[in-house]
Amino acid sequence: MAQQTLPQVPIKKGEPAYKLWIFEPGWKGELPLILNPRQLAEQKRPAILPGHRLCAGCAAPIIVKLASFAFRGPTIVVNATGCLEVATTIFPYTSWAVPWIHNAFENAAATASGVESAIKAMKKTGRLPWAHVDVVVFGGDGGTFDIGLQSLSGAAERGHDFLYILYDNEAYMNTGIQRSGGTPKFAWTTTSPVGTVLPGKTQHKKPIADIMVAHRIPYVATATPAHWLDLMKKVRKGIEVEGPAFIHALSSCDRGWRHDTALAIEVSRRAVDTCYFPLWEWTPETGYRLTDRSLSIARNPKMKQPIEKFVEVQGRFRHLLKPENRHLLRELQEWVDAVWEDLLNRATNAPR
Amino acid sequence: MSQPRGWKELPIGAVPFRLSTDYKTGDWRALRPVVDMNKCVKCMLCWIFCPDMAIIWDGEKILVNYDYCKGCGICAHECPVKAIDMVPEPSE
Amino acid sequence: MIEVRWHGRGGQGAWTAANLLAMAAAIDGKHVQSFPAFGPERSGAPILAFTRISDKPIDLHSMVYDPDIVVVLDPTLLKNVKVTEGLKKGGLIVVNYEGSPDKLYQLLGIGRGEYRVVITPATKLALEILKRPITNTAMIGALLKAEKLVRFESIEKALYERFPKPIAERNVELIKKAYEEAREV
Amino acid sequence: MTEAVTPKIPLEKQKLLTVNGDEAVAWAAKQSLVDVVAAYPITPQTIIVEKFSEFVANGEVHTEFVPVESEHSAMSACVGAAAAGARAFTATAANGLALMWEILYIAASLRLPIVLAVANRALSAPINIHCDHSDAMGMRDSGWVQLFVENVQEAYDTTIQAFRIGEDERVLLPVAVNLDGFFLSHTLENIHILPDEAVHEFLGGYRKVPKVKVDYFEEEVPLMLNPARPLSFGPLDLYDYYFEHKMHQIEAMKRVPEVVREVNEEWYALTGRRYGDGVLVPYEVEDADVIVTVLGSTAGTVRHIVKKLRGEGKKVGMVRIRMFRPFPHKELAEILKGTKVVGVMDRAISFGSYGPSFLEINTALYDLKEKPLLVNYVYGLGGRDAPPALIEKMFEELLRDAEKGFVEKKLRFLGVRE
């Protein structure tokens with residue numbers, strides 16, 4: 001087996017810097033979930049390879065990388081059409097170190113249903129040379145909130161065993177920053193421009209994770225790449241549960257959100273600190289449970305930052321900072337507060 | 001890079017035949033991260049957050065694989081001890 | 001080739017009767033076709049079904065326009081449906097009917113001697129045996145009395161293939177009874 | 001054509017079933033060791049999935065049945081399943097097929113030998129549940145092999161053959177088996193089916209995936225989603241490679257007829273049944289002045305009339321086009337050359353043009369030195385029946401055209417009220 005195309009990067013300890021994920025037939029066991037950063041760097045290699053052509057500073061590959069650190073063994077990745085798909089497989093190159101399929105825009109969950117069913121059928125007939133093969137889907141907000149919602153809902157209802165990771169960059173970034181069901185209110189996009197009459201998008205973001213909770217699938221969570229340990233733990237849980245799991249991961253886009261390329265992690269942190277994007281998980285047994293930073297904020301409300309902190313670093317919200325638009329910012333704050341309060345009421349681990 | 005292959009030499013099903021590690025994105029970079037190992041506390045956050053898998057931990061120190069680093073600056077921004085500087089690419 | 005047209009109302013089992021006859025003929029080694037006049041049928045609406053039986057492979061894939069036999073599952077249809085339409089000269093009409101033959105000829109709008117007419121009190125027999133007014137299998141009994149299209153054992157076999165045993169048993173009984181009571185008028 | 005042989009499985013060893021076309025297809029899928037069936041109900045296809053669901057409910061198959069929420073997802077799931085190395089099957093009709101359209105192209109381009117049964121039905125609007133071929137003609141450019149069957153027996157036979165054809169390494173394309181809605185889907189006929197093991201043997205057991213060579217593995221690797229040898233399916237392909245990939249499909253299509261013929265002959269040796277050479281089914285064409293071409297179940301009615309007219313000494317014949325994609329231009333021209341008039345029956349129309357098979361046959365005949373006259377009969381839209389009398393009228397018209405030696409109206413509508 002030769003992988004001549006993998007560069008030999010000098011590594012003294014552990015594994016080479018880049019490798020294909022090879023699970024020979026008969027491979028047994030379970031890859032450990034490593035949470036110590038040093039050990040992680042020495043032992044784990046991402047399922048996404050360098051040389052991909054996503055923009056500098058894009059959060060999507062960080063989410064994929066972190067998620068793949070939590071894979072437990074043989075895994076097939078399904079990708080909806082979108083930035084991630086387009087930029088990681090520009091023929092003749094692929095950035096995927098694991099088996100990967102892109103079918104179309106609106107059907108990632110249906111495609112995953114087929115992959116998962118094939119795995120089951122082959123297992124049943126003794127043709128699957130592994131104890132389990134996991135199926136993980138990556139879809140953007142367009143492919144999840146909008147055009148792909150039907151196929152996602154159908155697959156969730158049918159109970160296929162896969163983890164769907166939504167990387168939500170809050171607009172159709174692949175086609176050039178058009179508004180989606182995931183775009184927040186007042187955000188500028190090319191189809192919700194800030195004009196003399198309209199202040200950007202005029203509708204709020206669709207509560208996609210709550211919609212998935214309403215399906216009462218085994219596991220739903222939110223995550224950001226900034227809260228990387230939280231994200232990895234959630235991915236592992238999502239893979240481990242039997243049946244569909246859904247993770248809504250906020251994925252900043254420096255071009256669409258109009259911020260410096262260095263701020264992908266910073267802006268994700270601010271999204272959580274302002275409670276614009278609270279971190280939680282839900283299972284039918286435990287209900288909503290706040291996690292990581294959001295749990296800390298619930299316990300110590302003083303930590304909660306005003307929405308300006310999230311808005312001020314992003315050009316898409318620039319107009320909200322103008323004095324004449326203070327009322328819009330206030331409206332956004334009220335919306336964030338209301339959603340957060342609602343979540344606090346539902347969260348079983350929030351202080352009463 | 002050689003001539004693109006003719007159709008008879010391509011695998012069927014349109015599966016890519018090369019890994020993207022053959023495609024060097026390092027020339028997209030305007031600023032390059034430079035790691036000061038004297039300041040580095042080896043927390044690995046740069047390795048964890050690098051979107052281009054361009055940070056390498058060789059067991060002792062942090063290296064940057066400039067073949068792929070696009071110079072986004074996330075590593076420098078996230079470094080808790082400011083051990084990474086973004087410096088202009090030398091123009092040769 | 002023999003072509004049979006079945007007249008019934010949605011829910012009375014005309015298509016099932018057409019199928020059972022075809023199944024039995026197939027068991028006898030014949031070539032068969034059976035199909036409904038395709039429409040979004042609803043219970044109660046008048047419907048048609050067809051059976052073709054032949055010693056040779058059947059090429060035709062169109063509906064039946066000039067049948068050799070028509071079978072009428074429900075006498076109330078006679079008022080509104082011209083069941084003799086296209087029926088070949090000297091063809092056979094099998095009707096679920098217990099009134100006077102003269103009245104029947106009048107309802108059919110035909111003269112004596114134009115066609116063979118066979119009747120059986122299918123509704124009465126179905127109510128007796130099945131406790132429901134499902135007349136399709138009874139009409140198969142009457143049809144067999146008039147024309148030996150298939151062997152009785154084959155119909156029996158088809159019934160057992162198609163239905164659970166208790167239902168098949170009662171229908172076999174019904175077919176026998178309807179066969180006995182059928183008469184040419 | 002080969003000499004008549006005693007089939008490996010003689011008729012008495014084949015089980016007699018009296019089933020409709022949909023059930024016949026379900027039986028074929030059941031015996032074909034299908035791993036994944038993903039389907040959505042639509043008349044007149046529904047009986048296929050209902051029947052198959054019974055097989056699943058009774059544990060008679062190992063198949064994973066995926067009751068998807070739309071036809072789009074049905075084809076999407078089949079793509080996922082086939083890419084994962086499974087044998088996948090689905091069925092649909094009309095609007096459902098139209099909804100699948102986007103993914104049909106993807107299935108073909110990724111070279112996934114999915115089998116799709118289409119119970120042909122008219123497209124809306126107005127909504128109509130009955131037979132015509134406008135649904136199938138909508139997918140003719142999608143890269144699928146398209147076979148049209150004449151009767152219920154052939155629906156069974158062809159569904160099994162479709163897996164063999166699609167999975168053949170020379171082909172590796174998805175295959176659509178078209179059966180006329182209601183005229184076949186809902187019509188009970190006597191058929192003979194093979195023992196399960198004979199079908200398994202004919203198909204070579206479970207699906208086997210082909211191998212491909214990529215630079216990053218030294219050896220050839222299975223073309224599937226394989227954790228042991230990862231490949232990526234469905235990349236972004238720009239102007240530098242897309243055209244080359246289309247050449248793969250173009251070349252694969254060229255190899256289809258030989259495979260269809262081989263499978264047809266092999267099936268004949270096994271069962272005693274074959275359909276012409278598998279591609280075209282001619283009847284009484286040798287010295288015919290008038291030949292009619294036709295797809296699907298109407299062929300039976302046409303043959304019935306050809307027999308009758310031949311009995312009256314009229315020189316008429318017919319060719320049933322069993323394989324519409326790839327279209328057998330040369331072979332058809334070979335049959336049609338020397339005849340006076342060709343009547344092309346189309347149960348579909350390309351609005352603003354002619355019927356789809358007329359366009360093909362026009363192309364096929366262009367290179368002949370002496371071209372027959374050509375008439376297009378569009379008939380049977382929305383399930384309008386084509387009774388023997390109507391077919392006979394068509395032949396009479398064509399015989400008159402043959403006598404006159406010219407054609408006044410090239411596009412004619414058969415059975416429509418003026």
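Chain A is the first sequence line, chain B the second, and so forth, proteins listed ahead of strands; every chain is numbered from 1. All values derive from a computational prediction rather than experimental measurement.
In this model, a donor atom of one side chain and an acceptor atom of the other lie less than 3.5 Å apart for Tyr164(A) and Thr144(A). For the residue pair Ser251(A)/Asn169(A), the side-chain donor-acceptor check at 3.5 Å is not satisfied. Side-chain atoms of Ser95(A) and Thr88(A) include no donor-acceptor pair closer than 3.5 Å. A donor-acceptor pair shorter than 3.5 Å cannot be found between the side chains of Asn107(A) and Ser151(A). Defined by atom type and a distance below 3.5 Å, a donor-acceptor pair is present between the side-chain atoms of Tyr172(A) and Asp146(A).
Using a 4.5 Å cut-off between heavy atoms, Val98(A) touches chain D through its backbone atoms (N, CA, C, O) alone. Ala97(A) touches chain D through its backbone: at least one of N, CA, C or O sits under 4.5 Å from a heavy atom, while the side chain does not. Contacts of Pro129(A) with chain D are absent, with no heavy-atom separation under 4.5 Å from either backbone or side chain. Trp130(A) touches chain D through its side chain: at least one heavy atom from C-beta onward sits under 4.5 Å away, while N, CA, C and O do not. Proximity to chain D (any heavy atom under 4.5 Å) is shown, for Ile90(A), by both the backbone and the side chain. Proximity to chain A (any heavy atom under 4.5 Å) is shown, for Leu225(D), by both the backbone and the side chain.
Using a cut-off of 4.0 Å between Lys/Arg side-chain N and Asp/Glu carboxylate O, Arg111(D) and Glu169(D) are scored as not salt-bridged. With respect to Glu24(A) and Arg229(D), a salt bridge is recorded, a charged nitrogen being found less than 4.0 Å from a carboxylate O.
In terms of non-hydrogen atom pairs under 4.5 Å with chain D, the most contact-rich of Pro99(A), Pro74(A), Ala110(A), Ala87(A) is Pro99(A). Taking Pro235(D), Pro227(D), Ser109(D), Pro230(D) one by one and counting their heavy-atom pairs under 4.5 Å with chain A, the maximum is reached by Pro227(D). The greatest number of non-hydrogen atom pairs below 4.5 Å with chain A, out of Asp237(D), Leu238(D), Val214(D), is found for Asp237(D). Contact count versus chain D (heavy atoms, under 4.5 Å) is highest, among Glu116(A), Lys120(A), Gln150(A), His160(A), for Gln150(A).
In this structure, the side chain of Lys123(A) engages the main chain of Ala131(A) through a donor-acceptor pair within 3.5 Å.
Rounded to the nearest 0.5 Å, atoms OG1 (Thr92(D)) and CG (Asp135(D)) are 8.0 Å apart. Within the model, atoms NZ of Lys246(D) and CD1 of Ile250(D) stand 8.5 Å from one another, a figure rounded to the nearest 0.5 Å. Here the CG atom belonging to Leu112(D) is positioned 11.0 Å from the CD atom belonging to Glu167(D), to the nearest 0.5 angstrom.
Geometrically, Arg164(D) engages Phe202(D) in a cation-pi contact, judged by NZ or CZ lying under 6.0 Å from the ring centre and within 45° of the ring axis.
Ring centroid separation for the pair Trp144(D) and Tyr105(D) does not come in under the 6.0 Å cut-off.
Within residues 22-46 of chain D, the residues that have a heavy atom under 4.5 Å from a heavy atom of chain A are Asp35(D), Val36(D), listed by number. Interface residues of residues 52-89 of chain D toward chain A, defined by a heavy-atom distance below 4.5 Å and sorted by number: His62(D), Thr63(D), Glu64(D), Val66(D), Pro67(D), Val68(D), Glu69(D), Ser70(D), His72(D), Ser73(D), Ser76(D), Ala77(D), Val79(D), Gly80(D), Ala81(D), Ala83(D), Ala84(D), Gly85(D), Ala86(D).
Ring geometry for Tyr241(D) versus Phe91(A): interplanar angle over 60°, hence perpendicular rather than tilted (30 to 60°).
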